[in-house]
Amino acid sequence: MMNKEALLLAAIFAPIFGALILPLLGRVSQGLRNNTALALVALSCLCSLSFIPSVMGGKNIIFSFALPLSLSLTFYADTLAVFMAVVSSFIGAIIVLYSFDYISHYDNQNEYYLMVVLFLGAMMGLVYSANLIYLFLFWEITAIACWRLIGFYRGQRDVLKADKAFLVTVFGALVMLIGFVAIFQQTGTFNLIIMRGQVLPDIIVALILFGILSKSATLPFQTWLPDAGVAPSPVTALLHAAVLVKIGVYVFARLFLMTFMISSSWHATVMMIAGASALVAAGAALVETDIKRLVAYSTISQIGFIFLGLAAGNMVGAVGGLLYILMHGLAKGGLFLCAGIIEQNAKTKDITRMGGLIRTMPVTAMAFLFCAFSVMGIPPLGGFFSKFMVISGGIKSGEIWLTLVFIVGAFMTILYLFRAFTLIFLGESKGYPSREGSKMMVACVALLAILSLAGGLLANYPIGFLKTAGYQMVGLLK
Amino acid sequence: MTYLLLFIPFAILILINLFPREKRTEPAFWLGLAVLVFQAGAVVASQFGYWGTILTSQLESVFGFNLQLYKMGHVLVMASALAGATALLVARATLKNKRDRFNFVGLLLVSLIGINGIAMVTDIFTLYIFIEVTALATFILIMLNREQAAFEGAFKYLIMSVVATVLMLAAVSLFILIGGGTSFLDVKMAVISDPLAYTALLLFLCGLFIKGGMVPFHGWLPDAYSSAPTAVSVWLAGIVTKASGIYALIRLMVIFGGLEPLQNIMLTVGAASIVIGALAALGQKELKRLLAYSSISQMGYIVIALGSGTVLGIFAALFHFFNHTLFKATLFANVAAVEEQTGTQEMEKLGGLAQKMPITGLTSAIASLSTAGLPPLSGFWSKLLIIIALWISGHYFFAAVAVLASVVTLAYFLLLQRQAFFGLVPAALKEVREAGPILLIPAVFLSLLIVVIGLVFPFMIQMVLR
Amino acid sequence: MMLLSVLLILLVLISLWAVMTPLLLRAAIGLAATSALLTMIMYQLGAPLAAVFELSVCAGLISVVFVSVVSLTHRLPLKEFMKRRQSRIKRFIFLPLLLVAALAIMLTIKLPFQLQLPAADKISDVRVMLWNIRRIDLFGQIMALLAGVYGVLILFRGRKTDGD
Amino acid sequence: MVIDQLFWLFFMTFILLLIEGFYCVTVTYNLFRILIGLEVLIKAVTLFVIAAGYLSGHLALAQSIVITIIVIEVVVVVVAAGIILGFFREFDSLNVKNARRMKG
C-alpha cells in the first residue's frame, strides 16, 4: 500500500507545479508538452481514483501541516471530495486530449496548456482543502486561469468578456471572503473539520452564498457565463460544463451540507433562486441562435437542478444532486466539444445557418444526440437517473410547487435541445462546406457519449458511492 | 549596525565624487549597487544576530547617536534596498546622459541615508530632519533631466512639503512646550497627560499624511510621480513617499497605538484614500498616473490597517508596506521597459505587448494581480491579514470597504492589462521587441519574490511569530 | 513684555508688506527685514545663538539667493506690469481684512490655556545640547547640505544642451 | 498667568503669520511669490519653536532645533530657487498659468 498522504499531495501539486514547466517544455517540443499536460492530469485523476476503496470503507485521508494564525495546511479526502476530484480530473483529461488537435493552429499554446493544467490542479486543491483560506486561494487561482483562457484569442471583445468574467467572480469571491473572516471571528479557526456541526448566522450564509452563486453563474450573476463563450471550445467545455461552474455547487455542498448547520429557510431560498435560474436560462436557450451561447444557457439552467437536489435537504435529493454533477459534466462536456467540432468545421456559430450536417459529420451528430438525451433526462441515459432523483428529492422536501417549476424547466430543456439538434443536423444543407473533425476530437466526443450511456446503465455504482457521502452530511442528520 | 547604515552610504557618496570626472559614472553605479546589497545583506545577517556587539560598541564612544533599529526598521531597510537596486538598474537603462546617471546615484544615496535614518530614529524632531533630507533629495531627483512637466511636479511637491514641515514643526514646538523634550518617550508622556499635546500629535500626523500623499492631501503625488524620469518614479513610488509618510506613521502608531480617536482618523483617512485613489486610477490614460493613483489607494490599505489598533493590524501594515515596494517597483520597471521599447506610456497607443514582450507582460500581470490581492501572490496575504485585523477589532464597515475596493483595484489593473499587454498588437507596434536584460532583471527578480513569498508565507509567518 | 509685543506686531506688519508689495525685489527685501525682526525677538528671548544664525543665514544668505533670482528673471514691460498689478490688488485686498478679523476673533475668545510646564532642562548650554545630545541632528544637517550641493549642481546648470 | 498670556501672544502672532503665508501661497500665480509665502510660513514656525523653548525653559533645545531648521530652510530655498530658475528658462515667465497653457 502506498502512502495515501503522498498521493493526496501528488494529486494536487503535480498538476500545479507541473503546469509551470509546460511552457519550457513547449519550447523544446510541442508533442512533449501536450503529452506531459495529459499525463499530469491523468496522474491526478489516478491518484484520486486510488482513494475510492478507502473512503468507501469510511476511512478518510487527512494531510495536515500545522501553522500559526489558523493557517494550517490541511487537505482532507472524504467521499464528496474524491467524487468531485475524480469527475473533474477525468473530464479534464478528455478535454486536454481533445485540445491537442483543436488548439494546434493558434498562437499562445504554451500559455493555454499552462493555464488549463493549472486550472485543473487548482480545482484539485480546492476540492481537497479543508481550510477556508486555502479553499479561497485555490478558488481565486481558478479565476486567474479562467481570465487568461477566456481571453485566449486576444481580440478586443474577447478580452473585455474575460475581464467581465474575472471581475464578477472575484467580486463574489471577495464577498465570500468577508463571510469566511466572519466565520473565523466566530469560531476562531479556518479549519473545516473542526467547525463541523456549528450553526451559522444568517448574515454569514448570505455572504458565502453570494460568492457561490456568482461562481456558478446562477440567476443574478448569470451573464458572464454565456459571454465566456468567446473562448475556445475546449475551454468553454472546461469552464461551463465540467469544472468551473461546479465549484460553486461543490462549495455549497461542502459548507452547507457537510460542515455547517443553516436554518432551513435558506434551503427554500436557494431552491427558489435555482428554480428561477433554471426557468429563465431555459427560456433564453429557446431563442438563442449562437450554438455555444445556447449550450451555455442550458448549463445555467441545469445548475439550477443541481442546487434543487442539494438544497432539498434529504438523502435522495442530495445524492441525486451529486450524481447530476457527474452526468451533467459528461453530457455537457460532450455537447460543448461537439459544438467545437461543428464551429471549427462549419466556420460559423449560428445554428440557423447550419443544416444537414448529419450527412457530413455522422459520428459527431450521434454523439451530440446521445449527450443531448442525457441532458434532457431520457432513460436509460445517465441524465435520467440524476434528474429523477433530484426531482423526487424536491417533492419529498414538500415544495411541490417549486418542483413543478423544475419539471417545466425539464420540458423546456427537451424543447431547446431538440430545436438545436434539428437545426444543426437535420434538414437541407445550407451549402456550408463541412467535414468530420479530426480523429482524436471525434473519439473524444464519442467517448463522452458512450460514458453518458454507460453512466445510465451502470448508475448503481456511482449512486452507491455517493450514498456514503450522503451519510456523512450533517445537514441530513436532523 | 545602526551607524553603518548611515556611514557606509555616506562614505560611498564621498568616494564616488573623488573619481576623475570622465570615469566616474560606472564606478558610481557599481558602488551604489554595492551599498544596496550591503543593506539587504545587513538585514539578513541581523536575523542571525551577527551585528550585535562587534562594531557598535567601538563606534559608540565616537558617535553618541541616539539610534535604535527595531525589527520593523529592518522591513524599511530591506524594502529600500530592493527599490533602490531596481531604480539603479532602471536608471542605467533609461537615463541617456552620463552626468544624469552619476547624479542619480549620488542623490539616491543621500535619500537612502534619509530613509535609513527614518528607520532608526528615537526622536520626533530627528525623524523630521531625516524626512526632510529624503524629500530634499527627491525634489532634485524629480528635476533630474529637466523635463518641462517636472518643474510643476517638483514645485507642487515642494509646496506641500513645506506645508507639512510647518505642521510637523508646530507639533514639535508644542511637544517642547508641554513635554520638555522631543524624544518619543517624552512625547508619549506629554500626549497622555495633556490634550494640547494630543492636538499637536494630530498636527504631526497631518504632516505625515501630506508626505505620504493620503487623501485629502494627495494632489501633488500623481504630478510628481508622472513627471519624474521613470527611474526616479521607481524610487519615489517604491520607497520614498512611503518611508517619509507611511513608515513614520506606523512608527508613531506603534508608540501611540491604543488611542481611540487616533484610530478613527486612521480608518477614515485610509478608507477615503483606498476608495478615491482606486476610482481615480480607473479614469487615467497614462501608465504612470494610473500607478500613482494606485499607490494612493494601496497606502490607504496600510493606514486603514493601522486604524484597527491591534498588533495583527500593525504587522499586516508592515507586510503590506513591504509588498507594495515589491509590486510597485516591478510595475514601474515594466513601465520603463514599455516606454523604452515603444516610446510612449499612453495606454491608448499600446496593446498586446505581452506577445512582443512576454517577460514584461508576465511580470506586470503578476505584480498587478498581487496588488489586487489575488492569491497565491504575496499581496493576498497582506490584504487578508488587514481584513482579518479590521474585522476582529469590530470595524466591519471598514473591512467591507477594504475588501470591495479590491474589486476596483482589479478593475483598473485589468484596464491596464487590456490596454497595454493583453489583446491584439496595433500596427504601429509590430516591430517592438523585448526590453534588454537590465530592465528585465529587477522585474523578474521582484516578481519571483512576489510569487515565492505568496507561496511560502504561511511558513514564513511561523518563523516571524516565533 | 511691552517691547516684545511691539516687535511681534512689527513682525506681522512687515511680513504683510513682504507678501503684498507688488515688486518682487521689495518682497525679497521685506522678507529680509522680517528675518531681522525675528532675530531681534530671538535675542530678546535669550536665544543669541539661534539669533545669529537667523541673521546671517536667513537675512543674509537667503536674501542674496532671492535677489539673484529676481535679477535673473527679467522684468515685465510696464504696461503688462500695471495690468497685473490691478488683478493683484483685487486678489490681495482681502488679506489685511482677514488678518484683522482673525485678530478680533482671537482677542475675543481667548482660549483658556492652562499650561502645565515641564521641569526645566538640566542642560542650558546650546553647544552642549547640539554637539553632545543632538549629534544626529548635525549629521542630518550635513546630509541636507549635501542634497543642497547636488541641487546647485543640477538645477543651476544651463539648459540641457551640455551633454556630459 | 504671565506665561499663559505670553503664550497667547506668541500664538496669535503665529496664527497671523500662518494666515499671511497660506493666503499668499493660494492666491498668487507667481512662483517667486509662492516661495515668499512659504518663507513666511517657515518664519512663523521658527518663532513658535523659540517661543515654546523660552516659555518652557528649554531654550537650549529650542535653539539647537532652530539652528537645524534654518539649515534645512536654506537648502529648501536654494532648491526652490533652482526650480524657479529652470521654470523661467523653460517658459520665459514666472507665471504658473503659462506652464498649464503650454501643456494644453
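Numbered from 1 within each chain, the chains take letters A, B, ... in sequence-line order.
- The side-chain heavy atoms of I136(C) and V121(B), taken from C-beta on, include no pair separated by under 4.5 Å.
- Q141(C) is not listed as a side-chain neighbour of V133(B), based on a closest heavy-atom distance of 4.5 Å or more.
- Between F139(C) and F10(B), the two ring planes are perpendicular [angle over 60°; tilted spans 30° to 60°].
- Atom CD1 in I154(C) sits 7.5 Å away from atom CG in D100(B) (nearest 0.5 Å).
- Residue contact with chain C, scored on non-hydrogen atoms closer than 4.5 Å, involves the side chain of I129(B) exclusively.
- Shown here for N17(B) and Y150(C), the closest heavy-atom pair between the two residues is ND2-OH, 3.4 Å.
- Heavy atoms from other residues, nucleotides or ligands lying under 6.0 Å from NZ of K96(B) number more than 12.
- No part of D186(B) comes within reach of chain C, as not one of its non-hydrogen atoms sits under 4.5 angstrom from that chain.
- For T134(B), no part lies near chain C; criterion is any non-hydrogen pair under 4.5 Å.
- The shortest distance between side-chain heavy atoms of M143(B) and L155(C) falls below 4.5 Å.
- Counting heavy atoms from C-beta on, the side chains of R134(C) and D123(B) come closer than 4.5 Å.
- Residues of residues 103-112 of chain B having a heavy atom under 4.5 Å from any heavy atom of chain C, listed by number: N103(B), G106(B), L107(B), V110(B).
- Across A137(B) and A147(C), no two heavy atoms sit closer than the pair N-CB, 4.3 Å.
- Contact count against chain C (heavy-atom pairs under 4.5 Å) is highest for I178(B) among L144(B), I178(B), I176(B), L136(B).
- In this structure, the separation between CZ on F130(B) and CG on D137(C) is 8.0 Å, given to the nearest 0.5 Å.
- In this structure, the portion of I142(C) lying under 4.5 Å from any heavy atom of chain B is its side chain and not its backbone.
- For M106(C), the CE atom sits in a packed shell: over 12 heavy atoms of surrounding residues, nucleotides or ligands are nearer than 6.0 Å.
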